[in-house]
Student: 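Handing you a structure now.
Here the structure is a predicted model, which means the values were calculated and not measured. To find a chain, count down the sequence lines: A is the first, B the second, and so on, and within it residues start at 1.
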2 protein chains.
Amino acid sequence: MAKEKYDFIIIGGGGTGLAAGMYAARLGLKTLILGYTHGSEFPIGGVITTTNIVENYPGFKKISGEDLAKKLEEHARDYELVTIKQELVESVRKSGKIFLLKTKKEEYESRTILFATGTKWKKLEVPGALDFENAGVNYCALCDGPLFKNKTVAIVGGSDSAAKDALVLGEHAKKVYVISRSTLHPEPINMERIKANKKIEVIEGNEVKEVEGDKVVTGVILDKHYKGQKELAVDGLFVAIGHIVLSELAEKLGVKVDKKKEIIINHKTSETNVPGVFAAGDVTDKPFKQLITGVADGCTAAYSAYEYISKEKIK
Amino acid sequence: MAKEKYDFIIIGGGGTGLAAGMYAARLGLKTLILGYTHGSEFPIGGVITTTNIVENYPGFKKISGEDLAKKLEEHARDYELVTIKQELVESVRKSGKIFLLKTKKEEYESRTILFATGTKWKKLEVPGALDFENAGVNYCALCDGPLFKNKTVAIVGGSDSAAKDALVLGEHAKKVYVISRSTLHPEPINMERIKANKKIEVIEGNEVKEVEGDKVVTGVILDKHYKGQKELAVDGLFVAIGHIVLSELAEKLGVKVDKKKEIIINHKTSETNVPGVFAAGDVTDKPFKQLITGVADGCTAAYSAYEYISKEKIK
């Protein structure tokens, strides 16, 4: 079977990958976007498709995550040089200067690779949690916090991320419960901030056993009594029990990752340690992970790939 | 006169500054955007307002620069915490942990500062060049190159940037003249690329004396004869004779700049060497300067300012 050849193959069909594809095509690169990776089951458009309302992508005051994803997809599809396929990438290896990709269906060759594989949220596995996703159960405090202005919310998690999310929620909500299975263990600075914030109440050594609601969340049931009762009335529940970084394929290719399994990139260029391999978006060690930053880093990666290919052609 | 106090003052009202303002407000920061800086006379919206059609801001397949700028402005204005003023900033100094800004009209205090002051293009000062701006005379090959698909264009300039722009134009146009006053002097790698590209023809030791056209550019008049004539028929002219980086105010504050006068930032966080001072967009040493990257770095800067202020409040 003859392999299809590309200049730039993007693994990951989220906002980052779609924007990178659009930019690469503008630079004349024959580009393939492969939408699926192991562990991720998002449709084309990626994680943003799971967000109800996006208010923080500059240029769109208010748009549904699905509509924004569609706009990014249409933008990429507008270029003939871009092909988008929903195929699960099984392996990537380097042979000389060429990368060989195998999906469940086909094999491809490319001069450069972009990992835009993202992360997935660990889900809260209790009754009601999945049913009320986007109806009070959320995963991104920065994205969805402003929806809970002057409301009461709870956040589940004990990490530094959970603490930081609680602080972000405190900018909007009138009351924030932090529910941690063990003790809350953020960085000291964030612990102090939590203590200094009168809106935030920490409930340690307790768990959410069930999420209640009608059309939207109305409360949670705790495992143990807290202030004499097991029911806590809340308008929203944020889940911050961790991410799974989808960097396994990259790691197998020799790409360096940090302790969190995030791909270490040069933030000026989106390059990884492997020549010809770039990374952008949630899969990287960028501390501030938002759709807009992933999209921009995807564009930067496309430009870096274009520069890399131009150099290689001369050699 | 009592000084108005802010958490975050953004100097520069272009896309970068507007996006930073929106994000800062979402993080609860009282924010002021000051639109004018010395040397820049752009309206709110910045340099993008001078681009006819923007096709490379992910999410908008095709939009006028003016309309996109308006959307970014409306997005920022949607937040009560954001104030936008068109005042020329005359000085910024640090007093303890507080920054003191003086404009032509007023004085302000802020906990943090973002330089989003951008650059300005050096203009080609020959008859017709200003008249045909956006009607064939352009400054951004990456932005406007695709408008000249299968057309003939000329680019004026002898630097590495001019050479790189010529290569980008070569991805679209059928013919690219590079007109350099002295010899073309790009990085060796780009020189080789130029030589290897059959679409590109270099005219050295010559100058554009006039830009001709009717409603749009039809040609340029050269200073000296080239292949027996002084007139060169082109559909577009790109000007790449350099930028002026608007980093003077920052430098006076002790912010480090590189040889090009670009502000050196941590590309992960948009921090400068001065605590509490951030920079984003065209004024920084980011190699890939596009609206989308400036916008994203502006958002990152807002987040870093929020983090910085939270830490300072605890101390």
Side-chain angles (χ1 to χ4, degrees), chain A residues 15 18-20 22-23 26-29 55-63 68 71-72 74-76 78 142 145-146 164 167-168 170-172 189-190 192-193 196 265-270 285-288 290 292-300 302-304 306-307 310-311 313-315, chain B residues 15 18-20 22-23 26-29 55-63 68 71-72 74-76 78 142 145-146 164 167-168 170-172 189-190 192-193 196 265-270 285-288 290 292-300 302-304 306-307 310-311 313-315:
Chain A
L18 293 168
M22 178 275 285
Y23 239 105
R26 289 180 67 82
L27 291 163
L29 304 186
E55 296 176 332
N56 61 3
Y57 188 90
F60 295 98
K61 268 200 281 193
K62 201 171 198 160
I63 185 170
L68 180 52
K71 280 182 188 291
L72 292 168
E74 281 168 6
H75 203 165
D78 209 35
L142 265 178
K164 286 203 284 188
L167 290 164
V168 167
E171 304 278 348
H172 309 287
I189 183 85
N190 289 327
E192 288 183 66
R193 287 175 200 169
I265 59 167
N266 175 339
H267 291 271
K268 228 169 160 171
T269 59
S270 290
D285 64 339
K286 177 105 187 169
F288 182 57
Q290 296 284 282
I292 188 65
T293 56
V295 159
D297 289 348
C299 296
T300 298
Y303 183 71
S304 295
Y306 160 76
E307 286 267 290
S310 310
K311 267 181 211 168
K313 276 185 186 162
I314 296 296
K315 269 182 194 167
Chain B
L18 293 168
M22 178 274 286
Y23 239 104
R26 291 179 67 81
L27 291 162
L29 305 186
E55 296 177 332
N56 61 2
Y57 188 89
F60 296 96
K61 269 200 280 193
K62 201 169 197 160
I63 184 169
L68 181 52
K71 280 182 188 290
L72 293 167
E74 281 168 5
H75 203 165
D78 209 33
L142 266 177
K164 286 202 285 189
L167 290 163
V168 167
E171 304 280 347
H172 308 287
I189 183 84
N190 289 327
E192 288 183 65
R193 289 175 200 167
I265 59 166
N266 175 339
H267 292 271
K268 231 169 159 170
T269 58
S270 291
D285 63 339
K286 176 104 187 170
F288 183 56
Q290 297 284 281
I292 188 66
T293 56
V295 159
D297 289 349
C299 296
T300 298
Y303 184 70
S304 294
Y306 161 77
E307 287 266 290
S310 311
K311 268 181 210 167
K313 277 186 185 161
I314 295 297
K315 269 183 193 165

Student: Please name the pair of heavy atoms, one in Y57(A) and one in P58(B), separated by the smallest distance, quoted to 0.1 Å.
Tutor: OH-O, 2.7 Å
Student: Among the options G294(A), C299(A), A76(A), A19(A), pick out the one with the most heavy-atom pairs lying under 4.5 Å from chain B.
Tutor: C299(A)
Student: With respect to chain A, which residue among H267(B), E74(B), M22(B), K164(B) yields the maximal number of heavy-atom pairs within a distance under 4.5 Å?
Tutor: H267(B)
Student: Which atom pair, heavy atoms only, marks the closest approach of G59(A) to F60(B)?
Tutor: O-CZ, 3.7 Å
Student: Any idea which of L18(B), D285(B), L68(B) has the most non-hydrogen atom pairs under 4.5 angstrom with chain A?
Tutor: D285(B)
Student: Give the ring-plane orientation class for Y23(A) versus F288(B), where under 30° counts as parallel, over 60° as perpendicular and anything between as tilted.
Tutor: perpendicular
Student: Minimum heavy-atom separation for K268(B) and P287(A), please, with both atom names.
Tutor: CG-CD, 3.5 Å
Student: Among Q290(B), H75(B), E171(B), which residue has the highest count of heavy-atom pairs closer than 4.5 Å to chain A?
Tutor: H75(B)
Student: So which part of N190(B) gets closer than 4.5 Å to some heavy atom of chain A, the side chain, the backbone, both or neither?
Tutor: neither
Student: Between S270(A) and D297(A) (side chain of the first, backbone of the second, donor and acceptor by atom type, cut-off under 3.5 Å), is there such a pair?
Tutor: yes
Student: Using non-hydrogen atoms and a 4.5 Å limit, figure out which bit of L167(B) sits close to chain A: side chain, backbone, both or neither.
Tutor: both
Student: Which bit of Y306(B) comes within less than 4.5 Å of chain A, counting heavy atoms only: side chain, backbone, both or neither?
Tutor: side chain
Student: Which heavy atom of P146(B) sits nearest a heavy atom of R26(A), and at what distance?
Tutor: CG-NH2, 3.1 Å
Student: Between the side chain of S310(B) and the main-chain N/O of R193(A), is any donor-acceptor distance below 3.5 Å?
Tutor: no
Student: Quick check on the interface: out of L27(B), I292(B), N56(B), T269(B), who has the most heavy-atom pairs with chain A under 4.5 Å?
Tutor: N56(B)
Student: Quick check on the interface: out of G298(A), A296(A), G15(A), who has the most heavy-atom pairs with chain B under 4.5 Å?
Tutor: A296(A)
Student: So what's closer than 4.5 Å to chain A heavy atoms on L142(B): side chain, backbone, both or neither?
Tutor: both
